[in-house]
Protein chains: 2
Amino acid sequence: MTALDTSKVSIKTSLAACFGRNLYEQPGAHEFLQELSQSAQEVNIQQGGYIFKEGDPSDYVFIAISGAIMLERSSPKGARHVFAFLFTGNLLGLSEFTVYSFSAVALTGATVVKINKRLIQNIFERHPKIAKSFHDFTTHVLHYVLDQMYILGQKTAPQRLAHFLLDMDTRLGRSSGQFYLPMNRIDIADYLGMSLETTSRSFSNLKKRKLIEIESSHKIIINDRAAILEFIDE
Amino acid sequence: MTALDTSKVSIKTSLAACFGRNLYEQPGAHEFLQELSQSAQEVNIQQGGYIFKEGDPSDYVFIAISGAIMLERSSPKGARHVFAFLFTGNLLGLSEFTVYSFSAVALTGATVVKINKRLIQNIFERHPKIAKSFHDFTTHVLHYVLDQMYILGQKTAPQRLAHFLLDMDTRLGRSSGQFYLPMNRIDIADYLGMSLETTSRSFSNLKKRKLIEIESSHKIIINDRAAILEFIDE
DNA sequence: CGAGCCCTTGATGCATTTCAACGAATGTGG
DNA sequence: CCACATTCGTTGAAATGCATCAAGGGCTCG
């Protein structure tokens, strides 16, 4: 755990992703960064480690700098629900409740910036523009989640997986058409609301349709994005 | 379309539901209400009418005062997705995009307060506490949606319906155990991600299990809430 | 009183889950 | 360094839940 170096490129990039590209032009931005460098911390989490667990007091907000993070909850009967995968620039943990309602686990070694929630609230009260940037970000999340709801509710297993892989291509591979999946099949299954076996079969199905190539079980290649979009909308 | 009477009890109640119970104690609240009474409007929509449609410029925000409202989107292939039902005190239409990404239709005759988006933004910039109340509200929505995602992904059709009915009991019947559903079977189907027939069969299924009584197709009675919760968690 | 809409129910086929087996990759202790 | 256990992914076969196709009943409204 080390104090925050807000001049690092990786950190700048992640902050901009969270609070808007134009963060650095906002009035109050300088002050905000100064306060961050004083009281926020850079934290490393090893693979498999928890950033926080369901029920922990929600005193901090985290911004992912590197690595992959999975958000999960468990139901009364012990079934697990994975509801998000987070990467560089994604934010986690902001909620008005006093405890986290889900756990955050590192799928790979990960680095996060840890910010006291009060500090954030304080900044928001003094700098409405930053608050607005952040609020817009929340709206984006809501849109994203609504899409996810639609996919879960109305699509077949291979279509859901195809949608997921396009999303991963965008977020992990910068739409380059190739990426390495940091999560395993059962994580994907619990995210897409299907069984481990169906997930595996759906991978095979997409491969058979020549929509994807599976270089190794975690290395995926997407050659024809348009064809996949077509397939999802069928 | 008439100017807004902010002294009406129904309107006060709905505003408080949106901006927090303690709205009236917040600094700036008085000013906020004054501006609303000047520039916001009370609008009545008849059954089946649209409050706005997908693609309309998103210049206004609406707060439901009475009646039932359904939010829907349609996919490229024409399939419809219902993603929310809104009642008294619920807010709709706030988004940072310039057009609405969904349509809002009145299931019953409905009354809404129509507020210029700019006015809201302006208030938020000047009164951080009100902005925070509102942002907390958004977080609640996000929580609600995450539950919905879990239900859609992991539960059987009768369980999904049971969950939906408990939600309706809370929101429509104030947890009294009886309520009148303002939407029809196909709306529920498109909301829960299943076919019209499966929805109907799920109603019959819950009735056969004695978890609900169906007084008429739209009037539902829930006697044992705990038993239903048990059933959902199975 | 008939038309149209909504809800229900039955029959059939298909998609997904579940149970089960096996191969590949990785790590462990002899 | 090799047998062995363990984890993860894939695939097959059987069972199940849901969608689809189809028919009929109840209700409302002209």
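Note that this is a predicted model, so its numbers are computed, not measured. In the text below, chain A, chain B and the rest are named by the order of the sequence lines, each starting its count at 1.
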Kindly indicate whether the side chain of E197(B) and the base of dC21(D) share any N or O donor-acceptor pair separated by less than 3.5 Å? yes
Which of dT18(C), dT10(D), dC18(D) is nearest the side chain of S195(A)? It is dT18(C)
Charged N to carboxylate O under 4.0 angstrom, R80(B) versus D187(B)? yes
Output the rounded distance in Å from NZ (K155(A)) to P (dC14(C)). 20 Å
Rounded interatomic separation in angstrom, taking CG from N205(A) and P from dT11(D): 11 Å
CD1 of I45(B) to OG1 of T108(B): how many Å apart, nearest 0.5 Å? 9.5 Å
Can you tell me the distance, in whole Å, between the CG atom of L196(A) and the P atom of dT18(C)? 11 Å
For the pair made of CG in D190(B) and P in dA19(D), what is the distance, rounded to whole Å? 11 Å
Can you measure E234(B) atom CD to dG17(D) atom P for me and round it to whole angstrom units? 12 Å
Would you tell me if any nitrogen or oxygen in the side chain of H218(B) comes within less than 4.0 Å of OP1 or OP2 on dC7(C)? yes
For the residue pair N44(A) / T111(A), report whether a side-chain donor-acceptor contact shorter than 3.5 Å exists. yes
Does the side chain of S204(B) get closer than 4.0 angstrom to OP1 or OP2 of dT9(C) through an N or O atom? yes
Rounded to the nearest angstrom, tell me the gap between atom NZ in K207(A) and atom C1' in dT11(D). 12 Å
Under-3.5 Å donor-acceptor pair between R201(A) side chain and dT18(C) base: yes
Selected nucleotide, minimal atom distance to S200(B) side chain, candidates dT17(C), dC7(C), dC8(D): dC7(C)
Regarding D190(A) and R73(A), does a basic nitrogen lie under 4.0 Å from an acidic carboxylate oxygen? no
Indicate whether any N or O donor in one side chain lies under 3.5 Å from an N or O acceptor in the other, for N205(A) and R209(A). yes
OP1 or OP2 of dT16(C) under 4.0 Å from side-chain N/O of T198(A): no
L152(A) atom CG is separated from dC18(D) atom P, nearest whole Å, by 16 Å
Roughly how many Å is it from CD1 in I212(A) to C1' in dG9(D), rounded to a whole number? 14 Å
Would you indicate what T199(A) reaches in the nucleic acid, counting non-hydrogen atoms under 4.0 angstrom: base, sugar-phosphate, or nothing? nothing
